[in-house]
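Below, chains carry the letters A, B, ... as their sequence lines are ordered, and counting in each starts from 1. This one's a predicted model, so the numbers in the text were calculated from it and none came from an experiment.
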There are 2 protein chains.
Amino acid sequence: MTTKVTPFEGCCGSLAADALGEADAVELADALKVLADPARLRLLSMVASSATGEACACDLVEPLGRSQPTVSHHLSILVDAGFLSREKRGKWAWYRAVPERLEMLRSALRA
Amino acid sequence: MTTKVTPFEGCCGSLAADALGEADAVELADALKVLADPARLRLLSMVASSATGEACACDLVEPLGRSQPTVSHHLSILVDAGFLSREKRGKWAWYRAVPERLEMLRSALRA
DNA sequence: ACAATACATTGACACACATCGATGTTCAGG
DNA sequence: CCTGAACATCGATGTGTGTCAATGTATTGT
């Protein structure tokens with residue numbers, strides 16, 4: 001879960017191609033679990049829809065409506081899973097979306 | 001969770017278009033939660049990759065390596081979420097994939 | 001140095017959920 | 001009918017996780 005592994009998502013195999021093995025299924029499920037939370041989806045969406053392409057964590061707490069530790073926690077999970085990248089500048093943490101990671105997940109869900 | 005609602009998945013809006021509201025995020029997250037489980041991913045994959053386009057529940061228990069009640073439980077969740085359709089024939093339950101449902105999810109994850 | 005700010009980490013807690021055994025229900029065959 | 005098979009439902013249980021308050025850590029400004 002907290003593995004921070006480089007994701008393969010059974011590259012280029014679709015769900016209908018042939019039956020998923022347990023290991024591949026666990027890996028895909030882990031990736032999906034990361035996005036299967038409203039707070040994380042909104043964070044990813046906020047960062048991805050930012051005009052400048054990046055967003056400061058300090059600007060995400062209030063609109064998300066959750067505590068600062070909770071936001072920090074979710075952002076870490078998104079970074080560990082590769083959906084966001086983090087850059088620390090001064091005392092601020094800036095996040096950018098990693099569209100290729102999302103595309104990788106999307107392609108793993110091809111029918 | 002057990003809502004069996006017709007899914008919209010915020011039709012035609014992408015994650016990066018603009019920031020997801022809490023309600024849309026909950027709906028998308030609920031759909032992702034359904035697939036964020038190895039057992040359900042494998043069941044969906046088994047049915048989708050079946051040569052005949054359908055699969056009997058009786059043939060899914062053993063390859064999945066989980067108990068019959070557990071398999072039945074997961075299949076119900078997939079049906080309720082619209083990823084599978086169920087047809088009862090005699091004493092057997094036959095399942096078919098619903099590719100449009102998966103495509104709906106995939107498009108909601110557009111970057 | 002000191003205070004304040006931004007963020008991460010820790011500990012605790014409530015709740016959700018995947019799983020199984022046992023039981024209920026429905027249906028086909030004899 | 002009655003038995004067996006296929007599937008669903010129920011109850012219980014252990015594990016995972018989203019959340020927050022409190023605290024720790026780093027960095028800026030005075």
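Spacing between atom NE2 of B/His74 and atom P of D/dC7 amounts to 16 Å, rounded to whole angstrom units. The distance from atom CG of B/Leu78 to atom P of C/dA18 is 11 Å, rounded to the nearest whole Å. At whole-Å resolution of the value, CZ in B/Arg66 and P in C/dC17 are 17 Å apart. When the P atom of D/dT17 is taken as reference, atom CG of A/Asp80 falls 13 Å away, rounded to whole Å.
Ion pairing between A/Arg66 and B/Glu22 holds under the 4.0 Å rule for side-chain N and carboxylate O. Ion pairing between a basic and an acidic side chain is recognised when a charged N comes within 4.0 Å of a carboxylate O; A/Glu54 and A/Arg89 show such pairing. A salt bridge links B/Arg101 with B/Glu9: the distance from a Lys NZ or Arg NE/NH1/NH2 to an Asp or Glu carboxylate oxygen falls below 4.0 Å. No salt bridge links B/Glu87 with B/Arg96; every basic N to acidic carboxylate O contact stays at or beyond 4.0 Å.
Residues A/Leu44 and A/Trp94 do not share a hydrophobic cluster, defined by chaining ILVMFWY side chains whose heavy atoms lie under 4.5 Å apart.
Here the side chain of B/Arg106 pairs no donor or acceptor atom with the backbone of A/Leu105 at under 3.5 angstrom. Between the side chain of B/Lys88 and the backbone N or O of B/Ala93 there is no donor-acceptor pair closer than 3.5 Å.
The two residues A/Ala19 and B/Ser45 make their nearest non-hydrogen contact at CA-OG, 3.3 Å.
Contact annotation: A/Thr70 does not reach the phosphate of D/dG18 (side-chain N/O to OP1 or OP2, under 4.0 Å).
Listed in residue order, the members of residues 32-43 of chain B having a heavy atom less than 4.0 Å from DNA chain D come to none.
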Go along nucleotides 3-8 of chain C 5' to 3' and tag each nucleotide: B for a protein heavy atom under 4.0 Å from its base, S when only backbone or sugar atoms are that close, - otherwise.
--BSBB
